[in-house]
Each structure stands twice: as structure tokens, then as C-alpha cells.
Protein chains: 4
Amino acid sequence: MTETQKKFRRRAEARPDEVLNAALAVFVEKGYAAAKVDEVARRAGVSKGTVYLYFPSKEALIEGIVRRAVAPIALRAVPDLETFEGDPRLPITMLLTVLIQQLARPEASAVPRLVIREVMSFPFIANFYRNEVLGKVMPALIRLIERGVETGQLRPVDPELTVRSIIGPLLAHVALGELFGITPAKGLELERFLANHLDILFHGISAQPEEA
Amino acid sequence: MTETQKKFRRRAEARPDEVLNAALAVFVEKGYAAAKVDEVARRAGVSKGTVYLYFPSKEALIEGIVRRAVAPIALRAVPDLETFEGDPRLPITMLLTVLIQQLARPEASAVPRLVIREVMSFPFIANFYRNEVLGKVMPALIRLIERGVETGQLRPVDPELTVRSIIGPLLAHVALGELFGITPAKGLELERFLANHLDILFHGISAQPEEA
Amino acid sequence: MTETQKKFRRRAEARPDEVLNAALAVFVEKGYAAAKVDEVARRAGVSKGTVYLYFPSKEALIEGIVRRAVAPIALRAVPDLETFEGDPRLPITMLLTVLIQQLARPEASAVPRLVIREVMSFPFIANFYRNEVLGKVMPALIRLIERGVETGQLRPVDPELTVRSIIGPLLAHVALGELFGITPAKGLELERFLANHLDILFHGISAQPEEA
Amino acid sequence: MTETQKKFRRRAEARPDEVLNAALAVFVEKGYAAAKVDEVARRAGVSKGTVYLYFPSKEALIEGIVRRAVAPIALRAVPDLETFEGDPRLPITMLLTVLIQQLARPEASAVPRLVIREVMSFPFIANFYRNEVLGKVMPALIRLIERGVETGQLRPVDPELTVRSIIGPLLAHVALGELFGITPAKGLELERFLANHLDILFHGISAQPEEA
DNA sequence: GATGAATGAGGGTTCATTCAT
DNA sequence: GATGAATGAACCCTCATTCAT
């Protein structure tokens, strides 16, 4: 097999992935319904027929996108969250740090944005995300908080509900910026936001120091 | 003018509103692009032609919906937020209580949901919401926090960023429930969620008693 | 009956005529198919319903226009043409003079233009114009030429075909100006055109002086 | 390349032309506004979608028709008219002979008929025809007459206006026949008409023979 | 495998016509 | 008589999907 052949083979194998990348870009930009298969093909550098060679329908594209992203960065943190033994504030800090870094990268945040945008139209997405992503990250987080409460490091908060207090401000920050173009004035927003959020969060959930 | 005439006149005057109600329902259910004007008309109990009698295009429907909702419940709270003098935690509690009650009512939460869903496709919506809603509520909240920090009732948090800690958990709670069907197990969710959120938030932002 | 009442009555009686005037204007401007009944009503200063009060359909409007114009200026010339005894060049000059004056007035030329424009779409128009207008003017002209040939004032031309040489240049002049905006450079076009046309025409059809 | 492939390729390349042919037929028959794209497609033997594959809109069809006919038979005569040196009556005879032969063929006269019919609704047509057809044929004719006057072969007529006397009778003949179904009784109309027209025209514009 | 010409169902929009007032 | 809100059939155009090459 010559080099050329190998390159071609490699390309051929990468085709579905390239199509999904193009579809993701178009769907995020225009919304699924307004996106055209023609444009997906054009951006993927293939013909319209080729898209249908790999995916049976336009809907299969969005399903493929969501499935392929099954293991987002966040998921890799699950084992860490599950097995962590010490102060729960440390993994929470790490999780939020990773999340916010990812959300700052358009390629990485594209799938979550697509999911939020189209989840109402595709029950499959809600099920899949609930089962594969949220259903795994959230229980890990909940158990982390439970352990924190049990060990007395955290005040007796409701672990299930407290998850919302951990990720919610991040969600609000991203939504304000991405959807409405509302960003804080001073710059360095991400770091400053994260510091302020964690400051409030940890003051809010940490048990009082004994001497207080 | 007879009773009959009055009734008909009344109906005629209410038409645009009825059409917008129907459009809102369909848009929230299917998304703007997938919604059919035919179905909007059917739900409004009129013919397709009547929709175009009052609105020049399908896009004008979504614009009409957003404009009509200019004065959402939240906005009415702005004056209260602006003029409030005492402990800032009281108006924050009231605001979140009102918000969460509204979001629990599908009719009241439909517009915000539509806005979030379609804001990327209609720059007009982002501008309008930024100018008319967020641009008014957020500054009021920010000043409230600023005053709390100045009077020493709150710790020296960043007011602009802290807004995200106040509304974010609410956003996360609604998103998890509405988009992914993820609700806490025990029931009474809204009250319990709000209590947990305020508990953490106020522990997080209040100045320590002994320092105060 | 008061003056006011009389005036109103007069107006009411004039309604159909005003509607036809409006319809004529709109039809000439946009073409029948692209004209909207709404605009006809607006220009007539009545409601759309009123148009249908006097005319059963949009097509009835064009029929009404053509019928009302049955007695165009040209027709009034027919008796003169029929009974004229002397040199045929005189009535031809008069006919063309009247025609060209009328065609220069937009109100007067509107019906002929509408007829030419829509005659292919409405067989009724072709029949009606052939029977009521052309069928009367042309035979009169033909007989005039016949008499001229018989009396030796005109060369032995074919009367039926010579009609085309009389009115054709006028048609071409109007078409070039109205349809394509092509007008001769020097101004005074109508008079100069008519003079040139008659000069050529009469040199073309008159018997040679010495022969006569 | 096999025969089959060639045939298909040929067909594919001919598609736009076939669509324009069908559109021309339908437009001439019904008028642009009343013509349906569906019927154009049906007559072209393709689906509605295919029409839009080659032409972006219904209006583009009429533009395509007019552009394609840029080089009508008449235009090919322009060089001859321009360079002709001898008796101007010869090229005029030839031009009118060619024109009348073309106008007698429905396929050849379809575009001029469409142009006359729709020129008021599509300013583009007026501009295009003025620039590309009339703007070239008429000056050539005018110069021909000018030269005839200068050489003394023609009487001192106005060249610009005399053009109307040359083509006008032809226009009238066609209009009477095509639009109103009015044809001379005896048959052989075209030849007889042309003979009569030229007889009158040349008597009308020729300088008197010396002996007369 | 890859292409892109062709399809045709479906949706947004228009507008002649009707009819309750 | 007069109105104009309401209707709905019909039209232009789009685009997901197919299939001959």
C-alpha cells in the first residue's frame, strides 16, 4: 500500500467524522430545522449524496453528533469525583475549572449548545443526555456532596438540590454571554467569574470553622 | 350597540392576541422553524389567511410575542428592587419567589423558554431582551448588591458577577426539569429548591454576624 | 330632496363609473393579473365589498371597462368617414390627427393599451373590439380608400391592406415611445411624426399629378 | 463514454433550453402572471423542482427567454444594412421579407410577442430590448435612410421618423391578425400585404424619377 | 464508493370572494 | 347600500431524499 493510498484510506475512514463536524457547525449556527443538508455537505467537502451514504437521514446527523460526544470532558471527571476522598471543595473546583475552560472553546461547547437548543424537538436527545451524561455526572456530584455533609465538611444541605447551586451560576454566566452578549465590564471574566462563584458557593456550603 | 355586536367587536379586537397565544404555544412546542402557520391558525380558531391579516409574516409572530411580553412579572419588581432600603436579602427572596412561581406556570414561562430557544436565530430577540428586560432587571439587582456590600450587610462580593449566583441555580433547576425531565425525588421541589438555594446563597454572601 | 341628498345620490349613481376608472388605472399600470381588487377599491375610494356590489368578479371589471369605452373618439369619426365625398386625404388627415391627440392623453389611451395588453388572455376582448370598434372603423376606412381609387385620386392600392399603412406607423410610433421609451431627438415629436408620416403616405398612395 | 451516457449528458445540457422553451410557450399563451411554474415544468417534461434547479425564480425564466433571443433573425441583418452601398430600397425589402417570414412562424414570433406583452411589467425587458435589439437595428435603418437621402435616391424625409413608416404597417398587420383575428379576405396575405406595403412605401419615399 | 441531477411533498404567502354586521 | 374581517384555494419556492451514472 502506497503512501497515497494510505492517505486516501485514512480520509475515507474519517469521512463520517468530517460530516458530523460539518453538521455540528451548521446546526449550532442555524438551528437544526433551518440547517440544510446541502450546506453540511459543502462544509464537509463532500457531495450531498455522500452524506446520505453514511447517515440515513438528516435526523441521524444530530443523533450521530450527540452519540459521538458521549464522552465529553466532563465525563472523564466522573471517576475522579467518584473516588475522591478528601475535601469535596477540591474536586468541585476542578470540575468547574474544566467545565468553564471547555465552554470557552467554541468547538467544545458546540454539542452542549446544540443539545440545549434542540432537546425539546428530539426526545431522543433528552433521553440520551439524561442517561449518558447527566445521569452519570450528577449522581457523582451528589454523592460527593453527601460525603461532604457526612464528614462534616459541608453544612447539611440537600445534595440533590445543591448540584443546581454548583452548576447554575456557570450556566447563567454562559447564557448571558453567549445568548445575549452580556459580559461583565472588567475583562478576565472567566477567571473572575469562577473566583466569585466559588467564593460564594464555598462560603455558602462549608461548615463553619470551629472557632467561629 | 347591541350585546351581540359588543361580543363580536370584542372578539375582533382580541384576534391578534389570540393568534399570538396560539403561535406561542406552537413555537414552544415545536420550535419556530418546525412550526406551521397552519397549526397556529388552527389553534387560534381562525383560518391561515386571518393570521396574515394581523401579522405580515411568520417571523412577525415571534416578534409580536416577544414585544407583547415586554412587561413580564419580573419587570414589575424592578421599582421595588430599585427603591428598597433595608436588608437586600428580603427583595432577593421575593424576586426569586415570584420568578419561581412564574416559571412553574407554563403560560408564564413560555416566553422565556421561547426566547432562550430561538435567540440564536433571531438577533432581534437578543437585542430586545437585552435592552428591555435584562438591561433593566440586572442593573437593579446589581445596585441592590452594591448597596448591601456598602452597608456591610453583604460580604465584599463582585455585584455584577454575583447576579449569576442568584439566578443561575434557578436556571439550572428549570433547565434540568423542563429540558431533561430531571426532578428531585421527594416532591415539593420548588419550595425545597428555593429554600436550599437561598440557604446556600445567603450563607455565601452574608457578612459574618460577629463582623457585622 | 335637499342639495346634500342630491349630491349623495349623484355620487351613488357614479360609483360603478368610479370603480371602473380606478380599475382601468390599476390594470394599465400593473396588468390585469397582477392588479389587486384591494387597490382598485382603494383608488375608487370605496371598500372592497363595494366593488363586488357592482361587479360580480374581477373579470367583470375588465369587461365593464371595455364595454364602457365602446364609443371611443375614433368611432365618432366613422359617420364622417362614411359620408365624406371629396379628397380622401382630408378625412385621413383628420382621423390620424384626432387619434394621435387622443393617444397622447393617458386617460384616452388607457383603454386601447389595456386592450392590446390583455386581449390574448380574454377572448371576449378580441371579439368585442373586433365587432364594435375595428369592425366599424376599418370598413369605413376601406370604403374611403376604395372611393379614392375609384375616383382616381389614389393609385390602385389594395384598400384592405392599405389600412395597415395608414395606422401602422402611428402604432409603431406609440409603441416605441410608450413601451421602450424611444422617442426622436428633436422634440415636437407628435406633430413632426404626423407630418412625416402623412408626407410619405400621401406620396405613396396619391395618383401622380399628371395622371390624375 | 457510451452512447447512453452521451444521450443523457446531452439531455442534461439541454435542460435549461427545454425549460425556457416551455416557459416561453406558457407565457405567450397565458401571460406571465397567469402562467404557473407547474405547467412550465410539465411542458418541459421535468418536475417543478428541476425548473428551480436551473432558474432561481419565475422571473428569471422571462429574463432567460429574452436574453437567449438576443440574436434574433433581425439582428443578423444589421451588418448587411450597415455596409450596404446601393439602392436602399433593396435592403429594406430584404429586411421586411425576412421579418414577415419570421413573424409568420409562431416559434420565431413568440419572443417579440412576449416582449410586447410583458414589457410594461418588467422594466428589465424594456432596457434590454432597447439596448440590444432596437438600439442596434434602428440606427442601422436610420443611417440607411440618411444615405439614401444624401445620394438623392430618397426624398428628404426625416430618417428617424421614417423608420416608423417602414416597420409600422408590418406591426399593424401582425397585430390585427394575431390579436384580433382580422385578416384580409383573399389569402396569400403575407405576400400581398408586403407587396402593397412596399408599393406604397417606395412610392412614398423615393425621389421622383427625372422624367416624371 | 461518490456524485449531483431530479424529484415532489410541503410550507409560507397572496388574494379573489363571501357575508355578518 | 356599504363595510372589512374572514376565508381557503392556489401559487411560488424549498429542501430532504433518491438513484442512475
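Everything numeric in this text was worked out from a predicted model, so none of it was measured. Throughout, protein chains are lettered first and strands after them, A, B, ... in sequence-line order, and every chain is numbered starting at 1. Basis for what follows: all heavy atoms, side chains included, without hydrogens, waters or symmetry-related copies.
Put simply, the side chain of A/Arg117 gets close to the backbone of A/Val28: a donor and an acceptor are under 3.5 Å apart. A donor-acceptor pair under 3.5 Å is formed between the side chain of C/Arg130 and the backbone N or O of D/Phe180.
Counting distance only, with no hydrogens placed and no angle test, the side-chain atoms of C/Lys48 and the base atoms of E/dT17 include a donor-acceptor pair under 3.5 Å. Evaluation of atom-type donor-acceptor distances gives no pair under 3.5 Å for the side chain of B/Lys58 against the base of E/dT13.
Nearer the 5' end of DNA chain E, as judged by each residue's closest nucleotide, is the contact made by A/Leu53, out of A/Leu53 and D/Leu53. Taking for each of C/Ser47 and A/Glu59 the nucleotide of DNA chain F with the nearest heavy atom, the 5'-most of the two is the partner of C/Ser47. Mapping A/Gly49 and B/Gly49 onto DNA chain E by nearest heavy atom places A/Gly49 closer to the 5' end of the strand.
For C/Arg15, no side-chain nitrogen or oxygen approaches OP1 or OP2 of F/dG1 to under 4.0 Å. In this model, the phosphate group of E/dA6 is approached by a side-chain N or O of D/Tyr54 to a distance below 4.0 Å at OP1 or OP2. An OP1 or OP2 oxygen of E/dT14 is reached within less than 4.0 angstrom by no side-chain nitrogen or oxygen of B/Tyr52. Residue A/Thr50 places at least one side-chain N or O closer than 4.0 Å to OP1 or OP2 of E/dT3.
Atom CD in B/Glu107 sits 10.0 Å away from atom CG in B/Leu24 (nearest 0.5 Å). Atom NZ of A/Lys48 and atom NZ of A/Lys36 lie 11.0 Å apart (nearest 0.5 Å). Note: C/Leu20 CG to C/Arg15 CZ = 13.5 Å, rounded to the nearest 0.5 Å.
Atom-to-atom, CG of C/Leu61 to P of E/dC15 comes out at 16 Å; the value is rounded to the nearest Å. Here F/dA16 presents its P atom at 13 Å from CD1 of A/Ile62, a figure rounded to the nearest Å. Nucleotide F/dG8 holds its C1' atom 14 Å from the CZ atom of B/Arg42, rounded to whole Å.
Within a heavy-atom distance below 4.0 Å of DNA chain F, the residues of residues 29-38 of chain A found are A/Ala35, A/Lys36, A/Val37. Of all the residues in residues 19-26 of chain D, not one reaches under 4.0 Å from DNA chain E with any non-hydrogen atom.
In summary, A/Arg113 and A/Glu29 do not engage in a salt bridge, as defined by a charged side-chain N under 4.0 Å from a carboxylate O. A salt bridge links C/Glu39 with C/Lys30: the distance from a Lys NZ or Arg NE/NH1/NH2 to an Asp or Glu carboxylate oxygen falls below 4.0 Å.
Applying the side-chain contact (heavy atoms from CB on, under 4.5 Å) test to C/Glu118 and every residue at least two apart in sequence or in another chain returns C/Tyr32, C/Ile62, C/Leu114, C/Ser121, C/Phe122, C/Ile125. For B/Ser57, the side-chain contact (heavy atoms from CB on, under 4.5 Å) test picks out B/Glu59, B/Ala60, with sequence neighbours left out. Under the ring-ring contact (aromatic ring centres under 6.0 Å, His included) criterion, D/Phe128 pairs with D/Phe124, sequence neighbours left out.
Secondary-structure annotation of DNA chain F gives the stems E:2-21 with F:2-21, with a stem taken as at least 3 successive Watson-Crick or G-U pairs whose two distances both fall under 3.5 Å.
The two residues C/Ala44 and C/Val19 have their closest heavy-atom pair at CB-CA, 3.9 Å. Summarising the geometry of D/Ala34 relative to C/Ala33, their closest heavy-atom pair is N-CB, 4.3 Å, with the distance given to 0.1 Å.
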